[in-house]
Structure formats: structure tokens, C-alpha cells
Undergrad: 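Structure below; questions to follow.
The chains referred to below are lettered A, B, ... by the order of the sequence lines, with proteins before strands, and numbering in each begins at 1. Note that the structure is predicted; figures quoted are calculated from it, not measured.
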2 protein chains.
Amino acid sequence: MPTDITPQKAQDILHAYISKNGLKVSRQREVIAEVFLQAGGHLKIDELLERARKLDERISQATVYRTMKLLAECGLAESRTFHDGFTRYELADGHEEHHDHLICTSCGIIVEFMDDAIEARQEAVAKKNGFDLRHHRMELYGHCRKCRE
Amino acid sequence: MPTDITPQKAQDILHAYISKNGLKVSRQREVIAEVFLQAGGHLKIDELLERARKLDERISQATVYRTMKLLAECGLAESRTFHDGFTRYELADGHEEHHDHLICTSCGIIVEFMDDAIEARQEAVAKKNGFDLRHHRMELYGHCRKCRE
DNA sequence: TTTGATGCAAAGGATTTGCATGAAT
DNA sequence: ATTCATGCAAATCCTTTGCATCAAA
């Protein structure tokens, strides 16, 4: 079940992490966090940078990288790398329901899905092979309905 | 069912591809193909390079990159990128039975597996979302039995 | 004031590519 | 003889980092 995290709660988590670790709140961090939280996932660094710059002209790419790392550290963001080689960030599991991805290799659209049967079998497969399963990555690639028309 | 491809058959496929495309056979290509075929998968470029150099001192990294691309083009090899960021090559599906991977995040061991139930559900999930499934990537990460002891 | 954050540009690490040279046809 | 392949080093691409400067606490 999605924790239904609000941008406000997320900012609280970020601020808590910041003060707990003796870091500082900055305009850049707030803007980048805001942009990320509102976007709803799967954004590449340059997409985040572009959106952040609409709110604040003087945000650098390096700061986006650094801030997304920070958001990942405090548990709000999670990085993913699909076949195109770009790192993307999305809301972290735990704050959002766990899911995997369907990706259209033609238009690039990314659809999230979750299948309990698959999750259960993954656990079973891991156990059968003597593994203690920690996390997984599953991406299905194909052509979406629109692109087949 | 594994096509049980022999190194000989693979070399034939490579040679057919080479002559069909007006390319040339070279000592380097034969050595790299041999090393790759005998290794049985999941090798990084520098591992392939190291092994190739045992057979022929003067093989360059660039040639390994180029040759593995060639092997992928002619359908013998397939590249994979796991979480560690390195590209690895393995025998391509179609020449080997399709499979996915279990990876120990402690010692790095990679175990192949195949689960029909998961494959079937993946098809179902794709269809349900209007996708025509072409391929997928599934990696399960955890700790293997040895590393837990 | 003190210390962390930022921007910029330089540095990194994996992979690719340009070019003169060497090998295959 | 041609034409492709190779080795080398320079160039790319994404990401990280060093450092002087700026801003939060």
C-alpha cells in the first residue's frame, strides 16, 4: 500500500535528515526536492536540472547530482538504470508501493506494474538456490499499444 | 532447449557473417571468439582481454570491444549490464536457453536460472498493459549460502 | 564566524573513435 | 593492390570531485 507521501511530509523527512547530520538547508535543495517529488518518477538528471532551472536559474548540474544522492540517502529517492544507460530517479519503495517496469522500446514510455505471483516466485527461486533475496530488478521491454498501431 | 552450440558451429556462424558482410577474418577475432565461447558467459571486457592476451600478447582493449560488438551483431553474444556498471557478455539466447540471473551482492557470484511460471506471468502482465513483449531483464540480488555462513 | 553548499571546470571511468599502419583477400 | 582490422591515444559520455566562493546556522 502506497504510503501516500505528500510533498510536505517528504520535505519534513529531508529536513530531519539534514539537521540530524549537521547539513544545511539550501534554496537549491528545496527546489530540486520539490521538482523531483512533483514529477512522479523516472526523471533523468538533465530533466530534473531543466525543471529546477525553471524555478531557479542558477542551479548547476553538479548540485542536482549531489542533491539526488542526498535524497537517496535519506530514503526518499531511488536510482534506476534502464537499458538506455541513463540514471533515473523515482520515489523510493517504502514511500511508494514496490513495482517493476514495462518499457516501450519505440516511444520510451515507462509503465509501472506489480505482480504478486511474480514476486512470490522470485522469493521461491532465490530460496531454492540458497539465496537470501534482498532486492531485484525486473524490466519488460516491448512495444506499447500506441506504437503498434 | 539449449541449441548446444559447439565452438566450431559458432566459428562457422562468425565466418558466415564475416564473408556475407565483406569483412575479414583476423587472428584477433578468432582468439577473442574462442576465449568468449569457452568461458561460458558473464565476462567483462577486461576479463576477456586478459584471457585473450594469454593466447596472443598483442590484442588491444579496443579490439575486444569491437569484436564483442561484432559477435553480438552476428547473434552469438549478448551484452548485459548488472548493478556494478560493467558490461558483460554471454552466449546469446537462441544459442543457449533463455535464463535470468541471481547475483550475490557480497561475493559477486552469478547464478543463472529459469522459471516458466515467471516467464508466463511476464507475458500476461505485458499483454494486460497493451504491450507486445520483446525481451526482459530480471536480476535477483541477495546473499548466497556461502556468504551467509 | 564557522562550516557546509554551490558553481565551475577539471578529473574519472567505461566505452568509442580517428588515424596511420599492418594484415587479409 | 585494395580494403578492412588493429593499436594507440585522443575523444566521448555520464558522473564525480577539487577548490575558491557563497550562504546557512
Undergrad: Roughly how many Å is it from CG in D84(B) to C1' in dG13(C), rounded to a whole number?
TA: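 Value for this atom pair: 13 Å.
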Undergrad: Look up atom CD1 in I110(B) and atom CZ in R80(B), then write down how far apart they are to the nearest 0.5 Å.
TA: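 Here the rounded value is 10.0 Å.
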Undergrad: Just grab all the ring pair (Phe, Tyr, Trp, His ring centres under 6.0 Å) pairs involving residues 16-71 of chain A, residues at least two apart or on different chains.
TA: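 Matches after skipping sequence neighbours: H42(A)-H101(A).
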Undergrad: Return the value, rounded to whole Å, for the distance between atom CD of Q28(B) and atom C1' of dC4(D).
TA: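 Rounded to the whole Å, the gap is 12 Å.
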Undergrad: Grab the CZ-C1' distance between R53(A) and dC8(C) for me, whole Å please.
TA: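 Result: 11 Å.
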Undergrad: Using whole Å, what does the distance between atom C1' of nucleotide dG13(C) and atom CG of D46(B) come to?
TA: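 One finds 12 Å between C1' of dG13(C) and CG of D46(B), rounded.
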Undergrad: Cluster question for you: counting only ILVMFWY and a side-chain heavy-atom cut-off of under 4.5 Å, with indirect links fine, are M138(A) and I103(A) together?
TA: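 Unlinked, M138(A) and I103(A) end up in two clusters.
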Undergrad: For the pair R88(A) and E90(A), find out whether any cationic side-chain nitrogen is under 4.0 Å from an anionic carboxylate oxygen.
TA: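 Salt bridge between R88(A) and E90(A), a charged N being under 4.0 Å from a carboxylate O: no.
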Undergrad: Do any pairs count as a side chain to side chain donor-acceptor pair (under 3.5 Å) and have a residue in residues 116-125 of chain B, sequence neighbours left out, and if so which ones?
TA: D115(A)-R121(B), H98(B)-E119(B), Q122(B)-H136(B)
Undergrad: Please give, in whole Å, the distance from dA5(C) P to E73(A) CD?
TA: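 Nearest whole value for this atom pair: 11 Å.
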Undergrad: Return a single string for nucleotides 9-19 of chain D, one symbol per nucleotide in 5' to 3' order, where B is base contact, S is sugar-phosphate-only contact and - is none, cutoff 4.0 angstrom on heavy atoms.
TA: -----SBBBB-
Undergrad: Looking at Q28(B), R27(B), R29(B), which one forms a side-chain contact (heavy atoms from CB on, under 4.5 Å) with V31(B)?
TA: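 Single pass found, and it is R27(B).
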Undergrad: Check nucleotides 20-22 of chain D against the protein and report each pair of N or O atoms closer than 3.5 Å, with its distance, or say if there are none.
TA:
none

Undergrad: Nearest whole angstrom, please: distance from the C1' of dT6(D) to the CE of M68(B).
TA: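 Atom CE in M68(B) sits about 17 Å away from atom C1' in dT6(D).
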Undergrad: For residues 32-39 of chain A, which residues have at least one heavy atom under 4.0 Å from DNA chain C?
TA: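 None - not one residue of the stretch has a heavy atom sitting under 4.0 Å from the strand.
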Undergrad: Do we see a donor-acceptor contact under 3.5 Å between the side chains of E30(A) and H15(A)?
TA: yes
Undergrad: Round to a whole Å and report the spacing from CD of E30(A) to P of dT6(C).
TA: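 Distance check: E30(A) CD to dT6(C) P gives 11 Å.
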Undergrad: Is a side-chain donor-acceptor pair under 3.5 Å present for E78(B) with H135(B)?
TA: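 No, no side-chain donor-acceptor pair sits under 3.5 Å.
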Undergrad: Please list, for nucleotides 23-25 of chain D, all pairs of protein and nucleotide N/O atoms separated by less than 3.5 Å.
TA:
from, atom 1, to, atom 2, distance (Å)
dA24(D), N3, K24(A), NZ, 3.2

Undergrad: By nearest heavy atom, map G22(A) and I59(A) onto DNA chain C; which one lands nearer the 5' end?
TA: G22(A)
